[in-house]
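As structure tokens, the structure follows; a few thoughts come after it.
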Amino acid sequence: MATTITYDEVEVGTELPARTFPVTRATLVQYAGASGDFNPIHWNEKFAVEVGLPDVIAHGMFTMAEAIRVVTDWAGDPAAVVEYGVRFTKPVVVPNDDKGAEIEVSAKVAAKLDDRRVRVDLIAMSAGQKVLGMSRAVVQLV
């Protein structure tokens, strides 16, 4: 059973449990099949390099989706997220090896809003670089 976070128990500065998400080439192929996004920059190393990328990169929407999991897990209900937006700042480069890449996500409550809502700011990093900027979610709490 998911824990329910209440508006009254949350303060500005409350840190959400950080998470690290692994990303492999297999993950990208699975996401491409599920999303219908078969752009070769996400699976074909030769093509990705030819268009100026360092290697195959993760889908931006995949990166965004992995990051918000920190918030939905904390809130206990994915439907509690009423707004979510990011800016894509750097790609998540996914090498073709046993490790792949990792997306490290941390988040904290940045503001308490009206109507029992809070704004959560997220930080998503991969290989020491911030991969999402202005990553913010508005969460409806009970």
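All of these numbers come straight from a predicted model, not from anything done at the bench.
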Worked verdict on Y7 versus V142 for side-chain contact (heavy atoms from CB on, under 4.5 Å): CA-CA 6 Å; Y7 183 84; V142 294; over 6 Å; no
Mind checking the [atom1]-[atom2] spacing from [X] to [Y]? Nearest 0.5 Å is all I need.
X: I5; Y: T14; atom1: CD1; atom2: OG1; result: 9.0 Å
X: S126; Y: K90; atom1: OG; atom2: NZ; result: 12.0 Å
X: E45; Y: E50; atom1: CD; atom2: CD; result: 11.0 Å
X: K130; Y: R87; atom1: NZ; atom2: CZ; result: 11.0 Å
X: L28; Y: W43; atom1: CG; atom2: CH2; result: 12.0 Å
X: T20; Y: E66; atom1: OG1; atom2: CD; result: 11.0 Å

Sequence neighbours excluded and cut-off under 3.5 Å, please list the side-chain donor-acceptor pairs for residues 52-63, or say none.
residue, atom, partner, partner atom, Å
D55, OD1, R25, NH2, 2.7
H59, NE2, D37, O, 3.2
T63, OG1, H59, O, 3.1

Looking only at heavy atoms, what is the nearest atom pair of [X] and [Y], with distance?
X: L132; Y: A67; result: CD1-CB, 3.8 Å
X: W74; Y: P17; result: CD1-CD, 4.1 Å
X: A110; Y: V12; result: O-CG1, 3.6 Å
X: G33; Y: F38; result: CA-CZ, 3.7 Å
X: V92; Y: A101; result: CG1-CB, 4.0 Å
X: T72; Y: P78; result: CG2-CA, 3.7 Å

Co-membership, hydrophobic cluster, residues [X] and [Y], 4.5 Å side-chain:
X: V120; Y: F21; value: yes
X: V138; Y: I68; value: no
X: M125; Y: V86; value: no
X: L141; Y: L122; value: yes
X: V71; Y: I123; value: no

Where at least one partner belongs to residues 106-128, residue pairs that pass salt bridge (Lys or Arg N to Asp or Glu O under 4.0 Å), sequence neighbours excluded: D8-R116, R119-D121, D121-R136
Neighbour count above 12 (heavy atom, 6.0 Å) for E15 CD: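 Atom CD in E15 is not packed in, count stays at 12 or less.
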CA sep, side-chain torsions, deciding dist, call: F88, M64, side-chain contact (heavy atoms from CB on, under 4.5 Å): CA-CA 9 Å; F88 301 106; M64 188 177 175; 4.1 Å; yes
Minimum side-chain heavy-atom gap L16-V109 below 4.5 Å: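 Side chain of L16 against side chain of V109, heavy atoms only: contact under 4.5 Å found.
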Flag, side chain of Y84 to backbone of S135, donor-acceptor distance under 3.5 Å: no
